[in-house]
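The structure appears below as structure tokens.
Computation of the quantities below employed the complete heavy-atom set of this structure, encompassing side-chain atoms and omitting hydrogens, waters and symmetry-equivalent molecules. Given the structure is predicted, the values throughout are model-derived calculations rather than measurements. Residue numbers begin at 1 in each chain, while the letters A, B, ... track the order of the sequences.
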2 protein chains.
Amino acid sequence: MSDSQDAPHTLQVALGERSYPIHIGPGLLGDPRWLAPYLAGRQVMIVTNETVAPLYLERCRAGLPDDLEVRELVLPDGEATKTLASVERIWDALLAAGFNRRCTLIALGGGVIGDMAGFAAACYQRGVAFVQVPTTLLAQVDSSVGGKTGVNHPRGKNMVGAFWQPRAVLIDTDTLATLPPRELSAGLAEVIKYGLIRDADFLAWLDAEMGALRGLDAAALTRAIERSCALKAEIVAEDETEQGVRALLNLGHTFGHAIEAHQGYGHWLHGEAVGTGMLMAAGLSQRLGWLTESEVERVRAILEAAALPLAAPADMAVEDFLDIMRLDKKNLDSRLRLILLRAPGDACVHDETPPETLAALLAEFPRR
Amino acid sequence: MSDSQDAPHTLQVALGERSYPIHIGPGLLGDPRWLAPYLAGRQVMIVTNETVAPLYLERCRAGLPDDLEVRELVLPDGEATKTLASVERIWDALLAAGFNRRCTLIALGGGVIGDMAGFAAACYQRGVAFVQVPTTLLAQVDSSVGGKTGVNHPRGKNMVGAFWQPRAVLIDTDTLATLPPRELSAGLAEVIKYGLIRDADFLAWLDAEMGALRGLDAAALTRAIERSCALKAEIVAEDETEQGVRALLNLGHTFGHAIEAHQGYGHWLHGEAVGTGMLMAAGLSQRLGWLTESEVERVRAILEAAALPLAAPADMAVEDFLDIMRLDKKNLDSRLRLILLRAPGDACVHDETPPETLAALLAEFPRR
């Protein structure tokens with residue numbers, strides 16, 4: 001491996017015998033050094049979608065050793081396809097190919113492909129190997145790391161799934177060159193989230209570099225990905241199955257999931273809904289006396305700079321939010337659990353939001 | 001708790017932080033001491049089937065504290081219902097009830113109910129608590145212990161599933177009083193399996209006590225259950241996810257699964273197919289020179305004494321067996337992995353059966 005500035009960097013997700021590396025850099029796809037070490041046996045299935053396949057499927061195949069039995073499964077694109085029926089298609093294809101429990105699934109695509117292929121791997125023959133090859137910024141900084149897999153249910157997002165860690169995460173930063181601007185913004189929402197949760201310095205850096213990031217500046221994107229993955233790896237290592245600190249990663253997600261579920265999966269991108277949800281969490285934190293108006297304004301400004309939506313859907317009433325939020329996985333018994341901000345860079349879990357304060361925030365938050 | 005002969009006995013499945021007890025004895029159902037300690041929160045769903053519900057559902061409910069939110073889901077009976085569609089019904093019911101990730105599932109029934117409710121628990125909101133309350137001999141001695149959960153696929157048995165350990169296994173031996181004779185025999189097949197795998201003394205005891213067992217003698221059944229659970233707990237503690245010794249528990253299962261899949265799930269009981277499969281494994285072991293004719297005859301005799309079928313289905317050709325066996329989860333790459341006997345009481349994993357030896361056994365094994 002060369003020692004150049006462009007050489008991939010490697011982070012480690014420390015989970016004992018389930019530990020794995022995150023490799024980040026340009027040109028990883030297609031280079032046989034990166035995938036081969038993480039294959040369990042000779043049977044490999046690449047799971048991807050109709051958007052990603054024409055761009056990167058051949059390059060991904062080219063990075064596999066020659067003597068394998070390789071199958072491909074190309075699914076439709078979009079959050080609306082993140083269903084159990086799609087995962088059944090993966091299982092059917094694995095069984096039709098006669099794949100056994102030493103096979104490996106490669107998830108080549110965004111968060112939807114990673115969540116579905118990961119869940120398929122978690123439950124095929126009670127668990128087989130899989131490798132995450134995320135091709136969107138959102139998947140690279142968030143969903144590909146940490147082992148959360150699963151599918152949506154009409155009644156709620158990610159309601160069926162498993163914790164199942166990949167053997168490795170391969171982030172080829174070259175893939176961002178083809179990412180549509182709206183997807184880039186959605187990914188930036190999760191990047192901003194890490195700053196808001198626990199890294200005020202990173203947040204300040206993002207403030208300064210937002211233009212470079214939106215302009216697809218490779219150095220800036222690589223630094224944003226590395227810092228995001230390092231923060232996520234740190235939190236996941238502390239709390240793999242979300243008994244404690246990992247819940248902080250859901251900042252903006254309870255509000256965001258409600259928007260996604262209400263609007264129909266796929267109409268809002270996940271990152272867009274999380275962006276608006278973080279602004280709602282900031283607004284609620286202000287109502288609880290934790291954030292100043294100017295701190296909320298700062299959150300609004302960085303989301304705006306990332307070209308994220310700053311208003312909730314016009315057709316979502318207060319009760320629409322509450323009905324879906326009551327089913328959120330973080331709730332315990334009948335209390336609503338929210339992630340809020342004590343300051344930009346300092347998030348906390350809060351179980352005691354007065355219902356009338358939440359209702360007032362939901363009623364008065366801008367609609368569009 | 002009384003000190004009488006009838007007081008429940010407790011075994012432990014030692015799996016670190018996933019350890020749990022197996023309580024065995026009469027009168028456990030309906031006694032509030034036994035279920036309450038294993039509930040995660042206030043939300044409880046009892047999953048059972050149409051056969052078991054009229055017999056034991058009320059008794060099970062009576063063993064729950066008063067201040068819970070309890071739901072019941074009664075599914076159809078039989079191996080043919082062990083499908084992903086049935087598990088989706090459980091998830092739908094949990095979501096309709098607004099159950100969160102501190103809920104507990106109680107699997108009240110035989111192996112099919114335990115496998116499905118366990119898999120539903122494994123994947124609901126990425127994993128919730130469950131308790132096994134097995135009501136058939138087969139479930140009590142085998143499927144309720146060890147955390148294998150899942151469903152069948154038209155192409156093979158248990159092809160989709162997860163390792164997910166229960167919080168406890170409650171074996172109320174009184175439930176065997178209502179077990180139909182055919183189900184009792186099916187359970188005895190798995191009991192005999194433990195003797196064949198690694199306990200020649202237990203096998204000899206079973207030989208002597210088969211009449212008492214088939215006559216539902218409570219003391220004999222309790223001893224058979226305890227010894228079986230102890231052997232299973234020991235093996236599972238050594239090898240939770242079947243990387244090694246746990247594979248021995250599949251004695252007779254590769255042949256048996258082929259019979260079940262070919263005949264259509266539910267036409268043969270699982271234990272019946274395993275019984276015939278063990279006789280096939282013994283026959284193959286003889287062809288490899290490991291068992292004598294009289295040892296095979298001894299296996300045949302104990303299976304016959306348990307009223308188990310001793311011949312394969314008339315309509316299953318050699319290729320029918322081989323086609324299904326090639327998909328078995330134990331196979332690695334292209335080699336067929338079988339569990340065979342070096343002696344009654346001493347099983348081993350074998351990857352090197354010559355194809356022509358297997359084909360000869362399959363061709364010459366009796367049909368009915």
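Neither the backbone nor the side chain of Ala120(A) comes within contact range of chain B; no heavy atom of the residue lies under 4.5 Å from a heavy atom of that chain. For Leu84(B), the part sitting under 4.5 Å from any heavy atom of chain A is the side chain, from C-beta outward, and nothing else. Only the side chain of Glu88(A) comes within less than 4.5 Å of a heavy atom of chain B; its backbone N, CA, C and O stay farther away.
Using bins of under 30°, 30° to 60° and over 60° for the plane-to-plane angle, the ring pair Trp91(A)/Phe119(A) lands in the tilted bin.
Listed by first and then second residue, the salt bridge (charged side-chain N to carboxylate O under 4.0 Å, His left out) pairs involving residues 144-158 of chain A are Glu79(A)-Lys157(A), Lys148(A)-Glu242(A), Lys157(A)-Glu260(A) (not counting sequence neighbours).
Asp67(B) CG: more than 12 foreign heavy atoms inside a 6.0 Å radius.
The residue among Gly156(B), Gly161(B), Gly150(B) with the most heavy atom pairs within less than 4.5 Å of chain A is Gly161(B). Interface remark: of the candidates Thr241(A), Leu94(A), Asp92(A), Asp92(A) forms the most heavy-atom pairs closer than 4.5 Å to chain B.
Here the side chain of Arg246(B) pairs a donor or acceptor atom with the backbone of Gly146(B) at under 3.5 angstrom.
Side-chain atoms of Ile339(B) and Val349(B), non-hydrogen and from C-beta on, do get closer than 4.5 Å to each other.
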